[in-house]
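First the structure, in the form of structure tokens, and then the observations on it.
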Amino acid sequence: MLRGQALSDGMPDSASPSDIRSLPPSIARVMRYFQSLGREEKMQALVAYSKRLEPLPERFGELDRDAFSVPECQTRVDLFPEFRDGKMYYYADLNVRQSPTIAAFLAILFSAINGQTPSTILAIPDDFVRRVMEGIGLAGREAGLSAMLLRIKRFAQQAAAAA
């Protein structure tokens, strides 16, 4: 497990491949799926995904939550990374009833990246949030969702550097 630590803003921007085929398969699959949906279908998919976010495992309960909080989000979201056997796993703690969109986005993202290598996570395009959530009127949430993605990528970068 990565220990809670202050994260620097010094993470380099990753290239944003415009061609989905150049992305790792798990990321490409999510992007293709959401880009193929119309607005109403995306809304239904978000509702379904919001119910799939797994509860935070008990082993994270004793950790200092402030070290894992995403302050850019309007609501409290704590992201917990775990690096084991060369693969990343992410967990989140948030009020799903209060923030179903965030829960849905994280469930979508976690379905694509949990059990993947740090390099897969670092290959997520910087415009992933916009491309997945496009057309559903969540522009006000994009900054917070992008901050979560950036935090997830920073954890992956730290794990890769420590490996």
Legend entry - Exercise: identify the closest heavy-atom pair between A123 and L23: O-CD2, 3.5 Å
Inset, instruction - Test side chain to side chain contact (heavy atoms under 4.5 Å, CB included) on I136 and L46 and set out the steps. - result: CA-CA 10 Å; I136 55 175; L46 287 176; 3.3 Å; yes
Inset, instruction - Report yes if the side chains of R151 and S69 come closer than 4.5 Å at any heavy-atom pair, otherwise no. - result: no
Inset, instruction - Evaluate the side-chain proximity of Q116 to S26: yes if any heavy-atom separation is below 4.5 Å, no if none is. - result: yes
Inset, instruction - Flag the pair L149 / D126 as yes when at least one side-chain heavy-atom distance between them is below 4.5 Å, and no otherwise. - result: no
Inset, instruction - Give a yes or no on whether the backbone of A104 and the side-chain of S50 come within a donor-acceptor separation of less than 3.5 Å. - result: no
Legend entry - Distance (rounded to the nearest 0.5 Å) between R154 CZ and L150 CG: 4.0 Å
Inset, instruction - May I ask you to decide if V96's main-chain N or O and S99's side chain share a donor-acceptor pair within less than 3.5 Å? - result: no
Legend entry - Qualifying residue, where the test is side chain to side chain contact (heavy atoms under 4.5 Å, CB included) with F105 and the options are L109, T101, I102: L109
Legend entry - Gap separating the CE atom of M31 from the OG atom of S36, nearest 0.5 angstrom: 12.0 Å
Legend entry - Qualifying salt bridge (Lys or Arg N to Asp or Glu O under 4.0 Å) pairs, either residue in residues 90-105, two or more places apart: R65-D93
Inset, instruction - Measure the spacing between CG of L79 and SG of C73 and express it to the nearest 0.5 Å. - result: 7.5 Å
Inset, instruction - To the nearest 0.5 Å, tell me how far L63 CG sits from D78 CG. - result: 10.0 Å
Legend entry - Cation-aromatic face contact R59/F80, 6.0 Å, 45 degrees: no
Inset, instruction - Heavy atoms only: give me the nearest A156-P118 pair and the separation to one decimal. - result: O-CB, 3.4 Å
Inset, instruction - Supply the atom-to-atom distance M148 CE to L94 CG, rounded to the nearest 0.5 angstrom. - result: 8.0 Å
Inset, instruction - Check the pair D66, R76 against salt bridge (Lys or Arg N to Asp or Glu O under 4.0 Å), reporting the backbone distance first and the verdict last. - result: CA-CA 10 Å; D66 289 337; R76 175 78 187 226; 3.6 Å; yes
Legend entry - Side chain to side chain, P81 and Y89, heavy atoms closer than 4.5 Å: no
Legend entry - Where at least one partner belongs to residues 38-55, residue pairs that pass salt bridge (Lys or Arg N to Asp or Glu O under 4.0 Å), sequence neighbours excluded: none
Legend entry - Minimum heavy-atom distance Y49-A107, with the two atoms named: O-CB, 3.3 Å
Inset, instruction - Tell me whether the guanidinium CZ or amine NZ of R131 lies under 6.0 angstrom from the six-membered ring centre of F34 and within 45° of its axis. - result: no
Inset, instruction - Measure the CD-NZ distance between E82 and K87 for me, rounded to the nearest 0.5 Å. - result: 14.0 Å
Inset, instruction - May I ask you to decide if I152's main-chain N or O and Y90's side chain share a donor-acceptor pair within less than 3.5 Å? - result: yes
Legend entry - Residue of the set T117, L122, I124 for which side chain to side chain contact (heavy atoms under 4.5 Å, CB included) holds with T120: T117
Legend entry - Within one Ile-Leu-Val-Met-Phe-Trp-Tyr cluster: Y33 and L53, side-chain cutoff 4.5 Å: yes
Legend entry - Residue pair P125 / K153: nearest heavy atoms and the distance that separates them: C-NZ, 4.4 Å
Legend entry - Main-chain N/O of R130 paired with D127 side-chain donor or acceptor, under 3.5 Å: no
